[in-house]
Amino acid sequence: MELEELKVKFGQKVNLLQAKQLASYMRNQFSFYGLHTPERRLIYHDFLLAEKKSKQINWQLLNEAWQEPEREMQYFVCDYLIAMKKYFTFEEMARIESFVRTKQWWDTIDSLIKPIGDLGLRDKRVDGLMLKWSVDPDIWVRRVAIEHQLLRKEKMNTDLLKKILKNNLNSQEFFINKAIGWALRDYSKTNPDWVRDFIAENCDEMAKLSITEGSKYL
């Protein structure tokens, strides 16, 4: 699939009312075709199946799609990378970093953590990079570092998690404090004692939001 074909397929499904509603939900930072997730994914479902068989990531297509003004194009990039995550390599981290650092908001950030997190289980060089990202001036880059181990359960690298979280304590940023809480809440389903101990040891430096979110299942 070429970019122009994807644009035509999206354009055929334009819903101006939904586009306005979606833009408003995203604080009018992005324009939209007005496609909800199921309808959007159906458009490129067969294409992604074919791409999996090729086992090669089409970075040119992804870069072109990312530059498009409509937010559905960035969602396509995220869905593509998630579908192709097993073929993503550490040498390509700079490519995905360009997506992390541009057109930023929680929606794309919380999707891009998935291929990065999967790679981290296959290549330990990701650990060092995420530790570096955890002190980056960009809050969205730090959010990736905080969240990239979500859903790992018993595969959680607790030493890495602890270092990354501690690097982000005493933050005044809502999206950082929320991410800390989510990371703790998620891991509490697997290891509640670890999470309980972390909160007890660091509560004086943690935002109330982080404690509330992290304690939800304790």
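Keep in mind it's a predicted model, so treat the numbers as computed, not measured.
Side chain of K103 to backbone of Q67: a donor-acceptor contact under 3.5 angstrom is found. Judged by distance alone, the side chain of R143 and the main-chain N or O of S134 form no donor-acceptor pair under 3.5 Å. Under the 3.5 Å distance criterion, the side-chain polar atoms of Q74 are matched with a main-chain donor or acceptor of E68. Checked by atom type and distance alone, the side chain of S54 pairs as donor or acceptor with a backbone atom of E51 at under 3.5 Å. Between the side chain of K153 and the backbone N or O of D186, no donor-acceptor pair lies under 3.5 Å.
By the 4.5 Å heavy-atom criterion applied to side chains, V144 and L112 are not counted as neighbours. Residues W106 and M26 form a side-chain contact, since some pair of their non-hydrogen atoms from C-beta on lies under 4.5 Å apart. Counting only heavy atoms from C-beta outward, the side chains of I146 and W182 never approach each other to under 4.5 Å. With contacts defined as side-chain heavy-atom distances shorter than 4.5 Å, the pair M156/N191 does not qualify. Between D193 and F198 there is no side-chain heavy-atom pair separated by less than 4.5 Å. Residues K85 and K114 form no side-chain contact, since every pair of their non-hydrogen atoms from C-beta on lies 4.5 Å or further apart. For the pair N202/K166, a side-chain contact is recorded, criterion being any heavy-atom separation below 4.5 Å from C-beta on.
We find the CG-CG distance between D136 and N167 to be 11.5 Å, quoted to the nearest 0.5 Å. A distance of 4.5 Å separates CZ in R101 from CD in E97, rounded to the nearest 0.5 Å. A distance of 5.5 Å separates CG of L22 from NE2 of H36, quoted to the nearest 0.5 Å.
Considering only residues two or more places apart in sequence or on other chains, D138 meets the side chain to side chain donor-acceptor pair (under 3.5 Å) condition with Q104. Residues satisfying the side-chain contact (heavy atoms from CB on, under 4.5 Å) test with H45, not counting sequence neighbours, are L49. Shown here are the salt bridge (charged side-chain N to carboxylate O under 4.0 Å, His left out) partners of E92, two or more places apart in sequence or in another chain: there are none. Every residue meeting the side chain to side chain donor-acceptor pair (under 3.5 Å) condition with E64, not counting sequence neighbours, appears here in chain and number order: Q60. Partners of T108 by side chain to side chain donor-acceptor pair (under 3.5 Å), not counting sequence neighbours, listed by chain and number: R71. In this view, E4 and K7 satisfy the salt bridge (charged side-chain N to carboxylate O under 4.0 Å, His left out) rule, not counting sequence neighbours.
Donor-acceptor pairing under 3.5 Å is lacking for the side chains of Y87 and Q56. Side-chain contact, Y80 with N58: no donor N or O sits under 3.5 Å from an acceptor N or O. Side-chain contact annotation: Y33 with N15, donor-acceptor N/O pair under 3.5 Å absent.
With R125 as the partner, the side-chain contact (heavy atoms from CB on, under 4.5 Å) test is satisfied by one option alone out of D127, L129, D123: D123.
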- Run the ring-ring contact (aromatic ring centres under 6.0 Å, His included) check on F175 and W105 step by step: do they pass? CA-CA 10 Å; F175 288 108; W105 199 238; 5.2 Å; yes
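Nearest heavy atoms, F32 versus A19: O-CB, 3.4 Å.
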